[in-house]
Student: 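Mind having a look at this structure? Questions to follow.
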2 protein chains.
Amino acid sequence: MIKERKNDKSTEQKILEAAKQVFMEKGIDGARMQDIADKAGINKALLHYYFRSKEKLFEMIFMEEARKFMPKVTSIMMSELTLFEKIEKFVGEYIDTLLQNPLLPIFILNEINRNPKDAIKKIFGNQRPPIDKVDELITKLVKKGEIKPIKGIELMVNMVSMCIFPFLARPMVQWITKATDEEFVKLMEMRKKTVVKFVLDSIKK
Amino acid sequence: MIKERKNDKSTEQKILEAAKQVFMEKGIDGARMQDIADKAGINKALLHYYFRSKEKLFEMIFMEEARKFMPKVTSIMMSELTLFEKIEKFVGEYIDTLLQNPLLPIFILNEINRNPKDAIKKIFGNQRPPIDKVDELITKLVKKGEIKPIKGIELMVNMVSMCIFPFLARPMVQWITKATDEEFVKLMEMRKKTVVKFVLDSIKK
DNA sequence: ACTCGGTTTAACCATTTGGTTAAACACAAA
DNA sequence: TTTGTGTTTAACCAAATGGTTAAACCGAGT
């Protein structure tokens, strides 16, 4: 062993976790380097020793989280599943991701609005999600008379909206429904089914 | 006339408009009083002469915008319209509101996450949206065999999600679809119909 | 002519904040 | 023992920022 003299987690890891928490809760402007240092259990000097600047640190965190935001849309859409199966898989996996990263949406969307070009590049690279493929799939099923026509983009936007929005508006949803944190989680678990049903009911003939 | 010696708009109005713009674009933490003063065409001294502090000014703006966020849900839901008509009216009016206030969602949701209790009180007062009424409406139509059962909260969350989310993720949507600003607006105009159809197709039997 | 409130100018202040520095320390590997 | 690296301490810095102050200005109503 070279590193890790005393602490279980490496210091770098502790910093990254602390930074992630603080940035997610307060945003880059609201976050304070001191808070991050405190939460990581170290001092500011060491924080800057590891990550030269706030920007750099934020960059790291954002890169790490950006990939989670638009999940394996492409891989799911390119798979051999039927459209119905793809919808089910997409919604299920996405809501699961969000249950494990509840603050991800507001974090990412803020950065997208602050800095669209860079943020989008970091999320998608240069590869746009394959909506054409969705359109093709839909066209086939429409011809077979199994579903009503709908634009791929509309279908995708609707699905993503229904998955993400409840997490963005979580405090509101919990207040309106008087739900505890556990109940909110249950609600989202349920939505893995209800959203799929909602979508399928809508497009099926 | 007592006021308005030289300027067309009253100074207070100019400040409020400038502050609204800056706060909406940058958030309370990212906003600079100097920017607001500049955008209003005045100086910092006068800005503080009108609004004592950044907090106070933000408060004003937030109060003004908060009401727009959750529109006349109650009044629409309480009206004499059928469920189908209510859905159509709700989606149509809401998307119209958002077209005129595109940054409203991210602005409000950020404050809700920063400061849930106060923000929610300012948005809703103490009156929770009447989901029971929605449930009642649904129950009736289910008994009449006109629609499939669905929880009121799920229906509402889905509708609101599909209305708001595209505005939250606007840069992403425009990048994916290669849409200009005008095309985005058109897309949203179209969604006034497609979202309604999507919802109705889903719940109708 | 005088007053009064909106307005500007410009200096000023205190605090926060990101970031730096230097010295001392601890500990593991060589 | 020496060396190197991670770590702390603590002082320090410069810039940004919210906010204040005082003096002068200006123009409309009295």
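Proteins get letters first, then strands, A, B, ... in listed order; numbering begins at 1 in each.
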Student: Residues in side chain to side chain contact (heavy atoms under 4.5 Å, CB included) with A:Lys151, at least two apart?
Tutor: A:Ile153, A:Glu154, B:Met190
Student: Given atom NZ of A:Lys14 and atom C1' of D:dG6, what is their separation to the nearest angstrom?
Tutor: 11 Å
Student: Could you tell me which residues satisfy side chain to side chain contact (heavy atoms under 4.5 Å, CB included) with B:Glu136, sequence neighbours excluded, listed by chain and number?
Tutor: B:Lys133
Student: For DNA chain D, which residues in residues 19-44 of chain A have a heavy atom at a distance below 4.0 Å?
Tutor: A:Ile42, A:Asn43
Student: Take atom NE2 of B:His48 and atom P of D:dT17, then tell me their distance rounded to the nearest Å.
Tutor: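 Rounded to the whole Å, the gap is 13 Å.
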Student: Applying side chain to side chain contact (heavy atoms under 4.5 Å, CB included), name anything that partners B:Ser79, two or more places apart in sequence or on another chain.
Tutor: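 Result, side chain to side chain contact (heavy atoms under 4.5 Å, CB included) vs B:Ser79: B:Leu81, B:Lys86.
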Student: Return the residues of residues 49-60 of chain A meeting this criterion: a heavy atom under 4.0 Å from some atom of DNA chain D. Order them by number, or give none.
Tutor: A:Tyr49, A:Tyr50
Student: For the pair made of CG in B:Leu47 and P in D:dT20, what is the distance, rounded to whole Å?
Tutor: 11 Å
Student: From CG of A:Leu46 over to C1' of D:dT5, roughly how many Å is that when rounded to an integer?
Tutor: 11 Å
Student: Using the test ring pair (Phe, Tyr, Trp, His ring centres under 6.0 Å), find all partners of A:Tyr94 that sit at least two apart in sequence or belong to another chain.
Tutor: A:Phe90
Student: In terms of side-chain heavy atoms, does A:Gln100 have a donor or acceptor partner in A:Asp96 at a distance below 3.5 Å?
Tutor: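 No, because no side-chain N or O of A:Gln100 sits under 3.5 Å from a partner of the opposite role on A:Asp96.
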Student: So, using side chain to side chain contact (heavy atoms under 4.5 Å, CB included) as the criterion, who are the partners of B:Glu65 when residues are at least two apart?
Tutor: B:Lys20, B:Met24, B:Ile61, B:Lys68, B:Asn101, B:Leu104, B:Phe107, B:Ile108
Student: Within the pair A:Thr11 and D:dG6, is there a side-chain N or O less than 4.0 Å away from OP1 or OP2?
Tutor: no
Student: Looking at residues at least two apart in the chain, or sitting in another chain, which of them share a side-chain hydrogen bond (donor to acceptor under 3.5 Å, both in side chains) with A:Glu182?
Tutor: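 With neighbours one apart ignored, the set is A:Thr180.
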Student: Distance-only criterion, 3.5 Å: show the donor-acceptor pairs between side-chain atoms of residues 167-178 of chain A and protein atoms not counting sequence neighbours.
Tutor:
from, atom 1, to, atom 2, distance (Å)
A:Arg170, NE, A:Gln174, OE1, 2.7
A:Gln174, NE2, A:Ala179, O, 3.0
A:Gln174, NE2, A:Asp181, OD1, 3.2
A:Thr177, OG1, A:Val173, O, 2.8
A:Thr177, OG1, A:Ala179, N, 3.4

